[in-house]
2 protein chains.
Amino acid sequence: MPKIINKKTILQTRLFKLESLDINFGNDNLRNFEIISGSGAEAVMIIPVNGNNIIFIKEYAAAIDDYSITLPKGRIDKGENILDAANRELQEEIGFKSNNLEHIYTLDLAPGYINHKTHIVLAKDLIPSKLEGDEPEELEVISCKKNNLSKFIKQQNNIDSRAISCMYLLEKFTF
Amino acid sequence: MPKIINKKTILQTRLFKLESLDINFGNDNLRNFEIISGSGAEAVMIIPVNGNNIIFIKEYAAAIDDYSITLPKGRIDKGENILDAANRELQEEIGFKSNNLEHIYTLDLAPGYINHKTHIVLAKDLIPSKLEGDEPEELEVISCKKNNLSKFIKQQNNIDSRAISCMYLLEKFTF
């Protein structure tokens, strides 16, 4: 196993920590890596199953300056557990809550250079319930029939890769 | 459409650019975002199809200080096109090349806060061919039968989310 022999924080901002790591791969084979961590908070992404439909959102994605298709998601607050965070985000982003939540997987984004975990939660038996979120604008909610998902994915631009992973997890891990 | 009214580079390192954006969502509803861009280079990830097998790699992922399961991938060099980069990475990382490469999709990682594109290339008709890469240690190559993929994914830890997305694209976009 490679060994981190030196670790230095280059910069810490509100959202990100950028670090420089010197890693020894054995026999003095040293490499320097730059890695990004989030603020320390993990994230939750929810697959909302409403009868025969999966509910997506369309939201402005600042890093690409364009709208993006994704699933309800957000940061887990301090002291909050995964399922509570999922139920809060559901209510804030699509106006539903669920009494049937299951944590089915934990995704790594791109673990070579980003240290960030997203917990995937399947939400069934949805009932209307709205909480005020902190979104800068109203999110567009898009329902897609389960048997039309792959066609829907093909037709969209700028889909969060985690949402595509969720389609695989939904199909292979839950039915 | 929200409008970026102010953009400032906080830090530029070898690999990352960290920016601060002030965005107007209309009616003077202003928000500040921090976003990460890569070095400007895009990436390629390859789905190598070898008969009835898909070829994965296991490599050390610095950001999580652990081994990770992923597909062959890497940065597109300056002046290199997507398919040439895919064929180079295939030879460097798994010792094969392909004369049957197809660019099937482009993934956004997490477009709300990371501006990074990964081009997904399907590689068929593999033939042995080795190029020297820049990996700090030999990569472990793992073949998995197509009809065993979901079981394989379930059994692994630390899978790059883009590789899971690729399993969905492989199944829905290519067969």
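Lettering of chains follows the sequences in order, A, B, ..., and the numbering in each one begins at 1.
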Peer 1: Same cluster or not: are B:Phe173 and A:Ile69 linked, directly or through other Ile, Leu, Val, Met, Phe, Trp or Tyr residues, by side-chain heavy atoms under 4.5 angstrom apart?
Peer 2: yes
Peer 1: Would you mind checking which part of B:Arg31 comes under 4.5 Å of any heavy atom in chain A, side chain (CB onward), backbone (N, CA, C, O), both or neither?
Peer 2: side chain
Peer 1: If I measure from the heavy atoms of chain B, does A:Asn157 come under 4.5 Å with its side chain, its backbone, both, or neither?
Peer 2: neither
Peer 1: Is the closest basic N to carboxylate O distance between A:Lys172 and B:Glu171 below 4.0 Å?
Peer 2: yes
Peer 1: Most heavy-atom pairs under 4.5 angstrom with chain B, which of A:Met167, A:Lys73, A:Glu34, A:His116?
Peer 2: A:Glu34
Peer 1: Can you tell which part of A:Lys117 gets under 4.5 Å to a heavy atom of chain B, answering side chain, backbone, both or neither?
Peer 2: side chain
Peer 1: Any side-chain heavy atom of A:Tyr67 within less than 4.5 Å of one from B:Met1?
Peer 2: yes
Peer 1: Can you establish whether the number of heavy atoms outside A:Asp77 located under 6.0 Å from its atom CG is more than 12?
Peer 2: yes
Peer 1: Donor-acceptor pair, distance only, cut-off 3.5 Å: does the side chain of B:Asn29 make one with the backbone of A:Pro136?
Peer 2: yes
Peer 1: Which region of A:Ile64, side chain (C-beta onward) or backbone (N, CA, C, O), has a non-hydrogen atom less than 4.5 Å from a non-hydrogen atom of chain B, or is it both or neither?
Peer 2: both
Peer 1: Please determine whether residues B:Met45 and B:Leu170 belong to a single hydrophobic cluster, defined as Ile, Leu, Val, Met, Phe, Trp and Tyr linked transitively by side-chain heavy-atom distances below 4.5 Å.
Peer 2: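 Result: yes, single cluster for both.
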Peer 1: Highest number of heavy-atom pairs under 4.5 Å with chain A: which of B:Ala61, B:Ser20, B:Pro2?
Peer 2: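 Of the options given, most contacts go to B:Pro2.
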Peer 1: How far apart are the closest heavy atoms of A:Gln156 and B:Tyr105, and which atoms are they?
Peer 2: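 Reported closest heavy-atom pair: O-OH, 4.4 Å.
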Peer 1: Is the shortest side-chain heavy-atom distance between B:Asn32 and A:Arg14 below 4.5 Å?
Peer 2: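 Side-chain contact under 4.5 Å: yes.
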Peer 1: When the ring centroid of B:Phe16 is compared with that of A:Tyr113, is the distance short of 6.0 Å?
Peer 2: yes
Peer 1: List the steps, then state whether side-chain contact (heavy atoms from CB on, under 4.5 Å) holds for B:Asp108 with A:Ile159.
Peer 2: CA-CA 6 Å; B:Asp108 274 279; A:Ile159 305 183; over 6 Å; no
Peer 1: I need the minimum non-hydrogen distance between A:Pro111 and B:Ser68, along with the two atoms involved.
Peer 2: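 Closest pair (atom of A:Pro111, atom of B:Ser68, distance): CG-OG, 3.5 Å.
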Peer 1: Quick check against the 3.5 Å criterion: does A:Asp65 have a side-chain atom that pairs as donor or acceptor with the backbone of B:Ile4?
Peer 2: no
Peer 1: Can A:Ser165 and B:Ser161 be said to form a side chain to side chain donor-acceptor pair (under 3.5 Å), step by step?
Peer 2: CA-CA 6 Å; A:Ser165 298; B:Ser161 69; 4.6 Å; no
Peer 1: Do A:Arg162 and B:Leu109 make a side-chain contact, defined as non-hydrogen atoms from C-beta onward lying under 4.5 Å apart?
Peer 2: no
Peer 1: When rounded to the nearest 0.5 angstrom, what distance separates OG1 in B:Thr13 from CG in A:Leu11?
Peer 2: 10.0 Å
Peer 1: Would you please classify the geometry between the B:Tyr60 ring and the A:Phe33 ring as parallel, tilted or perpendicular, with 30° and 60° separating the classes?
Peer 2: perpendicular
Peer 1: Which distance, rounded to the nearest 0.5 Å, do you find between the CD1 of A:Ile36 and the CD1 of B:Ile36?
Peer 2: 3.5 Å
Peer 1: Mind checking whether B:Ile54 and B:Val141 sit in one hydrophobic cluster, side chains of I, L, V, M, F, W, Y counted as touching below 4.5 Å?
Peer 2: no
Peer 1: For the pair B:Ser150 and A:Tyr168, evaluate side-chain contact (heavy atoms from CB on, under 4.5 Å) and give the outcome as yes or no after the intermediate values.
Peer 2: CA-CA 9 Å; B:Ser150 62; A:Tyr168 188 78; 3.6 Å; yes
Peer 1: Please check if atom NZ in B:Lys154 has more than 12 non-hydrogen atoms from other residues, nucleotides or ligands closer than 6.0 Å.
Peer 2: yes
Peer 1: Honestly curious: do A:Ile164 and A:Ile104 fall in one hydrophobic cluster under the side-chain, below-4.5 Å linking rule?
Peer 2: yes
Peer 1: Is there a chain of hydrophobic side chains (I, L, V, M, F, W, Y, each step under 4.5 Å between heavy atoms) that links B:Leu126 to B:Leu101?
Peer 2: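 Cluster IDs for B:Leu126 and B:Leu101 match.
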Peer 1: With a cut-off of 6.0 Å (strictly less than), are more than 12 heavy atoms of other residues, nucleotides or ligands near CG of B:Asn100?
Peer 2: yes
Peer 1: Are there over 12 heavy-atom neighbours, none belonging to B:Lys130, within less than 6.0 Å of that residue's NZ?
Peer 2: yes
Peer 1: Below 4.5 Å from any heavy atom of chain B, which atoms of A:Glu138 appear? Answer side chain, backbone, both or neither.
Peer 2: neither
Peer 1: Checking heavy atoms, do the side chain of B:Leu21, its backbone, both or neither come under 4.5 Å from chain A?
Peer 2: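 Side chain of B:Leu21 only, per the 4.5 Å heavy-atom cut-off to chain A.
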Peer 1: Is it true that, when you exclude A:Lys145 itself, more than 12 heavy atoms of the residues, nucleotides or ligands shown sit nearer than 6.0 Å to its NZ?
Peer 2: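 Open.
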Peer 1: Sort B:Ile153 into side chain, backbone, both or neither according to what part of it lies under 4.5 angstrom from a heavy atom of chain A.
Peer 2: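 Interface part for B:Ile153: both.
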Peer 1: Please report the interatomic distance CG(B:Leu18) to NZ(A:Lys17), rounded to the nearest 0.5 Å.
Peer 2: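 So the gap between those two atoms works out to 14.5 Å.
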Peer 1: Counting only non-hydrogen atoms closer than 4.5 Å, does B:Leu15 touch chain A with its backbone (N, CA, C, O), its side chain (CB onward), both, or neither?
Peer 2: both
Peer 1: If you count every heavy atom of other residues, nucleotides or ligands that lies below 6.0 Å from A:Glu132 atom CD, does the total exceed 12?
Peer 2: no
